[in-house]
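All values reported here derive from a predicted model rather than from experimental measurement. All heavy atoms count here, side chains included; hydrogens, waters and symmetry mates do not.
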Amino acid sequence: MLRQLHSLLGLVATLLVILLATSGTILSVDPALERLGATVPAYGSISVAALAGRVARHYPEAEQIQRTASGTIIVYYSRGGRAGADRIDPLTGQGVAPYAPSPFARWIKDLHRSLLMDTTGRALAGVTALMMLVLAVSGIALLVKRLGGWRHIALPLRGTQSQRWHAQVGRFVVLGLLLSALTGIYMSAATFGLVSDGVQNEADFPPKVAAGPASPITALPALVATDLNDLRELVYPKPNDPSDVYSLATAQGDGYVDQVNGALLSFRPHTGIRHAYEFIYQLHTGEGLWWLGLLLGLCALSVPLMSATGTLTWWQRRRSMPRIVDNSGAQAADTIILVGSENNSTWGFANALHDALRQAGLRVHTAPMNQLASEYRRAERLFILTATYGDGDAPSSANQFLARLARTKPDPRPKPGFVVLGFGDRQFPQFCQFAKEVQAALLAHGWRQLLELETINKQSAQAFTRWGNAVGALISRELTLLHTPERPQTRSFELIERINYGEQVQAPTSILRFAAVAQQGIAARLTRWIGGNGLPNFEVGDLAAIVPPGSPIPRFYSLASGSSDGFLEICVRKLPEGLCSQFLHGLKLGDRIDAFIQLHPDFRPAAGKAPTILIGSGTGMGPLAGFIRNNTGKHPMYLYWGGRDPASDFLYEPELNEYLSDGRLTGLHAAFSRVKDGTYVHHKVLDDATQMRQLVESGAQILVCGSRAMAKNTMRALNEILAPLNLDVQTLRTQGRYREDVF
């Protein structure tokens, strides 16, 4: 609900928020520029009387003196029948330059305050400030929830590039945006009289003044007692009118000064409410607090970027989600479908089931597994379609399901019967493991199983249809489930370089680099014209899905390069039964492959300067070497890697030595199993237990890439190392500080 509110409000308010933020950024510079050009004497060094005396020498026709919050002194005068205004030096009273506010500055101020629409615009600006407040509060709440609590607010971030930019910038500027929004709301409310601004009626005009000739302005006690830094405005009496008085406005209050004896008459001090309003005005505008104005301006400058990344994130999420037609409410539906998916592929099958059940006359509610309700009042059956992520873990849309299920209160009423359908790939040892855990948990909580657990291997359309027949028999209706996952369009890549390793230890391994084959069309020509390399957008750690000849099923390889490197790089070991690896090892320079990119944002170092520990074995070196290559900020990065023989399969050895020399790699710990006294990578990890604990205590993140056996041994070693800290791998995983890409 909170995410929907944040997204919807952001989309609705985008243009207005950008207008207010951009105009506010421009206005934030004015107080700093004004303060830069103003001479501000020390408090107590110049009185208003002394200033007025200096002004009189250069402006005998002075009618009014003003001091702005930033310290600029302005004198208004008449000369030769023409009115004028100058900025003056308070130390001499001499004019510095004519005072003429910029028409552009006035236009920007009107745009910021009222969107150039007078009263209606002022109201709209106030509503926009309120929306900015809600966006800031909901945004920080979402970030805290995403990171697992306030104590983790500074942890590295996960997600796509747009998500990371949005969240990273957001946590730097959120306090400034909150301050701008809160003060803007208050000032808008004061404008419309919803709260008091403390403005009082003018002090009563004195009914009686002293008789006699006017005293020199430098000798008037009330002006002598008023410090220049407290002055807001001094209005002179009319010339040759002994009954008139000086009008004096100060930081403390307003009153009148007798021109004969200099007494302060009818003084009315400001209330606490007025002082509060002026302070809030300073906080919002930066007038008198120029440094704060610049900081708030920088925060406001981030709003267009936040709007763009937020909109892009929303669009990416929206595009990846299927449209669920006629989705009944959770408490009105007789059939519930809950979906667990990492990359949204399972949603296509869920959508097909939803449509088929709805056409069979059922009322169906479909939602992510994380939205499991505490009860379903009318539901008769619950279908759970879930993938398994990584080494038997829950996918992102289901990672809270088991915890929510455990929190449901005992209910004597009968629960809906359930059916679990698992999706996975049988080449992985933990095939559909999470689906099995979900089934066991539901049974343990007293739910009734309607069908035995079924599994779908490699998104088989045929297996899904067969399962649909069983579901049709269950609900006594004819049910035909048809869904063929849409595969992204492949592109051609040409092999431009290969480096071979591992022949001597019977583990042929190659580092393969590909260039994009030039595409045709206007968009492709434009990309080449502006200097693009023709590659799709990807980062190190994303996946290249390669379709080998004779098979419609793509094989996925972790990328050791990003598109900014100018090539697509993978590290491939030749397997005796591997159709795709045999094909790739048979390529010659100039040969081509067909592939598409699948983003994998959960396997890459998070932004920030925290240390990174990279652990891998075999071809898992590929993305790890890519992470090191791109560590241009030279943040602490430690590599633990295992191979067979340093003379044969020390992958990326020349590059790693270069990275050690230039600081991109802080430490290298390589283990080799086919040498005398051979060791494995988890032994190296255990050997450095003390340093590991220190790095983890300092906020280090750990990335593991390679075989499942290596990953399990590494996990056991890390749990042993972290035990004295009352930490384990699962805790780090929850915090986003432990990430795996295993095969």
Can you check side chain to side chain contact (heavy atoms under 4.5 Å, CB included) on Tyr659 and Leu639, steps first, answer last? CA-CA 11 Å; Tyr659 303 150; Leu639 174 63; over 6 Å; no

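- Scanning both residues, Ala167 and Leu143, for their nearest heavy atoms gives CB-CD1, 3.9 Å.
- Taking the six-membered ring where tryptophan is involved, the planes of Phe596 and Phe556 are perpendicular, since the angle between them exceeds 60° and thus also 30°.
- In this structure, Arg573 has no side-chain hydrogen bond (donor to acceptor under 3.5 Å, both in side chains) partners at least two apart in sequence or on a different chain.
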Salt bridge (Lys or Arg N to Asp or Glu O under 4.0 Å) between Lys634 and Asp662: does it pass, once the steps are laid out? CA-CA 8 Å; Lys634 300 181 180 178; Asp662 65 21; 5.4 Å; no

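- Formation of a donor-acceptor pair under 3.5 Å by the Asn370 side chain with backbone atoms of Gln400 is found in this model.
- Annotation: side chain of Asn630 is in contact with side chain of Asp565 (closest heavy-atom distance under 4.5 Å).
- Side chains of Thr386 and Met369 form a contact here, defined as non-hydrogen atoms less than 4.5 Å apart.
- Ser345 has its side chain out of reach of Phe423: every pair of non-hydrogen atoms, C-beta onward, lies at least 4.5 Å apart.
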Between Glu655 and Arg629, does a salt bridge (Lys or Arg N to Asp or Glu O under 4.0 Å) hold up when you go through it step by step? CA-CA 8 Å; Glu655 291 91 340; Arg629 178 193 299 145; 5.9 Å; no

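- With a 4.5 Å cut-off on side-chain heavy atoms, Met715 and Arg733 count as touching.
- At a cut-off of 3.5 Å, with distance as the only test, a side-chain donor of Arg716 or Asn713 sits close to an acceptor on the other residue.
- Using a 4.0 Å cut-off between a side-chain N of Lys or Arg and a carboxylate O of Asp or Glu, Arg674 and Asp649 do not qualify as a salt bridge.
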Steps toward salt bridge (Lys or Arg N to Asp or Glu O under 4.0 Å) verdict (Arg604, Asp542): CA-CA 8 Å; Arg604 59 186 59 152; Asp542 287 339; 2.2 Å; yes

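- Under the ring-ring contact (aromatic ring centres under 6.0 Å, His included) criterion, Phe538 pairs with no residue, sequence neighbours left out.
- Between Phe603 and Phe627, the distance separating the two ring centers is shorter than 6.0 angstrom.
- In this structure, Leu624 and Cys705 approach most closely via the heavy-atom pair CD2-CB, 4.2 Å.
- Using a 4.5 Å heavy-atom cutoff, the side chains of Leu703 and Leu614 are in contact.
- Looking at Asp688 and Tyr638, their side chains never bring a donor and an acceptor atom within 3.5 Å of each other.
- Scanning all heavy atoms of the two residues, the minimum distance from Pro636 to Thr666 falls at CA-OG1, 3.3 Å.
- For Tyr652 and Trp641, the gap between ring centers reaches or exceeds 6.0 Å.
- In summary, the side chains of Ser510 and Asn500 do present a donor paired with an acceptor at a separation below 3.5 Å, with no hydrogens or angles considered.
- A side-chain N or O of Asp741 and one of Ser558 form a donor-acceptor pair less than 3.5 Å apart.
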From CA spacing to verdict: salt bridge (Lys or Arg N to Asp or Glu O under 4.0 Å), Lys415, Glu375: CA-CA 8 Å; Lys415 297 179 174 65; Glu375 65 171 341; over 6 Å; no

